[in-house]
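Note sheet for the following structure.
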Amino acid sequence: MADENKITITWDELRTRQVEQRVSAMQAMRRNREYAEIQDAEQEKSQAKFKSLWFNAIFYMTVFGVLGGVIAWTAGQAMHFRNSARLEASELMNRVKEIRTAADAGKISPDERAGYVELVAADGRKNPYFLIYADERLTTSEKEARLAAVTRRDAWKEFISNVIAFGVSGMILAIALSIAEPMVSRNIPSAIINGSVGATLGLLGGVAVALFADRLYAALAGSEGTITPGRQIVARIAQWAVVGLTLSLAAGLVMRNGKKLIIGAGGGLLGGIIGGALFDIVAKYAHSDALSSLIGLVAIGGIAGGSSALVEAAARSGWLKVTQGLIAGKQFILYRNPTFIGSSPDSQIYLFKDPQVGRRHAAIHIVKGGFELEDLPLGTATMVNGRPVSRVRLRSGDQVQIGGTRFLFQEKQPSTLA
């Protein structure tokens with residue numbers, strides 16, 4: 001009876017077309033599955049690299065700063081953001097003077113002299129001050145009378161234009177730098193609050209710049225027709241340094257942290273110096289003040305953001321790196337005392353979409369010689385190296401678990417216990 005239930009397959013039956021087709025199909029399925037696994041692994045690796053770059057503070061602060069500079073420049077151009085017409089005329093006259101000096105020295109031919117002067121005249125054809133300066137038919141007293149009339153007519157218009165342009169530029173730059181950290185952490189409520197406060201402070205800073213930046217430039221550069229290239233560059237650097245310093249203060253004020261304020265202001269100052277140094281060089285070779293303004297604002301935004309993150313990273317003493325969770329790869333520098341961790345948007349370390357995390361789940365205290373982690377009576381237990389804690393001194397390398405998020409604690413100089 002047992003022999004009747006046996007299944008017997010002959011060699012000829014095993015080598016039939018149907019069996020070969022089935023084996024080939026199974027092999028193809030295995031190859032496809034292996035290929036899909038390789039693709040998934042490569043995609044995960046690529047995503048991990050992108051997240052690691054995106055969560056790098058130097059990278060995202062620079063990106064937000066550059067974007068802020070570009071948007072600020074675009075808004076300024078839409079509002080006819082430009083230098084004082086009187087100062088532009090002075091620079092044009094200085095170019096004419098350089099051309100005449102070169103022609104008198106025999107460095108350029110009369111035809112070249114005429115061509116260069118014609119180019120300068122084309123640049124200044126819409127500038128009423130330049131047209132008066134360049135009109136050799138007018139006497140000195142006639143020029144002064146006409147200049148006084150033009151100055152009175154344009155003074156308020158120029159001032160209001162500068163106030164609006166610098167104010168809007170400061171507002172946009174401040175918003176970009178203020179929302180960078182909460183946006184990367186996906187803390188939208190905090191980004192809205194920071195952006196609103198930053199906008200107000202940036203607007204005030206921009207208005208303050210408009211009140212004296214051009215006057216500073218005029219005082220350092222000199223009067224019309226007397227501007228030398230060296231004085232012009234120094235004056236421009238000073239002007240843009242003031243712009244960078246003032247417009248970058250807002251982000252630090254938003255954070256209500258002295259270190260961030262000083263670091264941000266230093267970055268803005270450096271960005272302004274670099275932007276000012278490049279301004280006249282770009283204007284000379286590109287024949288575009290608009291492009292020079294773009295470079296200046298991008299330098300202020302990008303360098304203010306990137307350098308603030310760079311200096312902050314260099315000066316950090318303790319930090320948490322997210323190793324598991326929705327924002328894995330993000331680092332949080334511990335400079336606030338205390339630093340709250342929780343699901344509330346006003347927490348410095350915001351853990352969203354996790355029902356196990358309380359609004360203020362835990363707090364990290366900066367104490368003499370290191371950092372202490374305190375579990376607050378909300379949410380599930382706070383774990384350190386797999387054990388629940390109430391309050392404990394953290395050591396470099398400790399694994400902190402809060403809800404579904406895991407952190408790696410690190411410090412430059414590990415605390416030592418007596």
Side-chain angles (χ1 to χ4, degrees), residues 53-54 56-83 160-210 213-214 239-255 260 264-265 267-276 278-279 282-283 286 288-309:
L53 179 63
W54 176 242
N56 184 293
I58 298 173
F59 175 79
Y60 67 71
M61 288 298 295
T62 301
V63 168
F64 274 83
V66 168
L67 288 176
V70 172
I71 298 171
W73 174 81
T74 304
Q77 290 300 303
M79 297 175 183
H80 308 290
F81 179 50
R82 60 185 178 85
N83 289 320
I160 292 172
S161 174
N162 280 344
V163 167
I164 294 174
F166 277 115
V168 171
S169 297
M171 180 178 68
I172 293 172
L173 270 176
I175 290 174
L177 294 174
S178 299
I179 68 172
E181 174 76 24
M183 284 296 291
V184 171
S185 300
R186 304 187 192 180
N187 191 343
I188 304 302
S190 182
I192 293 172
I193 295 171
N194 284 10
S196 301
V197 177
T200 303
L201 295 173
L203 179 62
L204 294 175
V207 171
V209 166
D214 279 347
Q239 180 191 32
W240 278 88
V242 170
V243 173
L245 175 64
T246 307
L247 298 189
S248 59
L249 287 174
L253 291 171
V254 167
M255 300 298 178
K260 275 190 171 288
L269 180 65
L270 178 61
I273 290 172
I274 293 175
L278 294 174
F279 189 98
V282 174
S288 172
D289 282 352
L291 181 59
S292 296
S293 298
L294 172 61
I295 290 175
L297 288 172
V298 166
I300 290 172
I303 296 175
S307 62
S308 65

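Values below: every heavy atom of this structure, side chains too, minus hydrogens, waters and symmetry copies. Remember, it's a predicted structure, so these values are computed and weren't measured experimentally.
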Measure the CG-OG distance between L173 and S178 for me, rounded to the nearest 0.5 Å. 10.0 Å
Any idea which heavy atoms bring S169 and A72 closest together, and the distance? OG-O, 3.6 Å
Which atom names give the shortest non-hydrogen contact between Y60 and V184, and what distance separates them? CG-CG2, 3.6 Å
Provide the closest heavy-atom pair for I58 versus T62 in the form atom of the first, atom of the second, distance. O-OG1, 2.6 Å
Here the gap from I192 atom CD1 to N187 atom CG, rounded to the nearest 0.5 Å, amounts to 9.5 Å
Using every non-hydrogen atom in the two residues, find where G305 and M61 come nearest and quote the distance to one decimal. O-CB, 3.2 Å
How far does CD1 of I274 sit from CD1 of I303, to the nearest 0.5 angstrom? 3.5 Å
Any heavy-atom pair between the side chains of F64 and I179 that's under 4.5 Å? yes
In the structure I gave you, are the side-chain heavy atoms of T200 and M171 within less than 4.5 Å of one another anywhere? no
Nearest 0.5 Å, what's the CG-CD1 distance between L297 and I71? 12.0 Å
Say you draw a straight line from CD1 of I172 to CG of L177; how long is it, rounded to the nearest 0.5 Å? 12.0 Å
Gap separating the CD1 atom of I300 from the CD1 atom of I273, nearest 0.5 angstrom: 10.5 Å
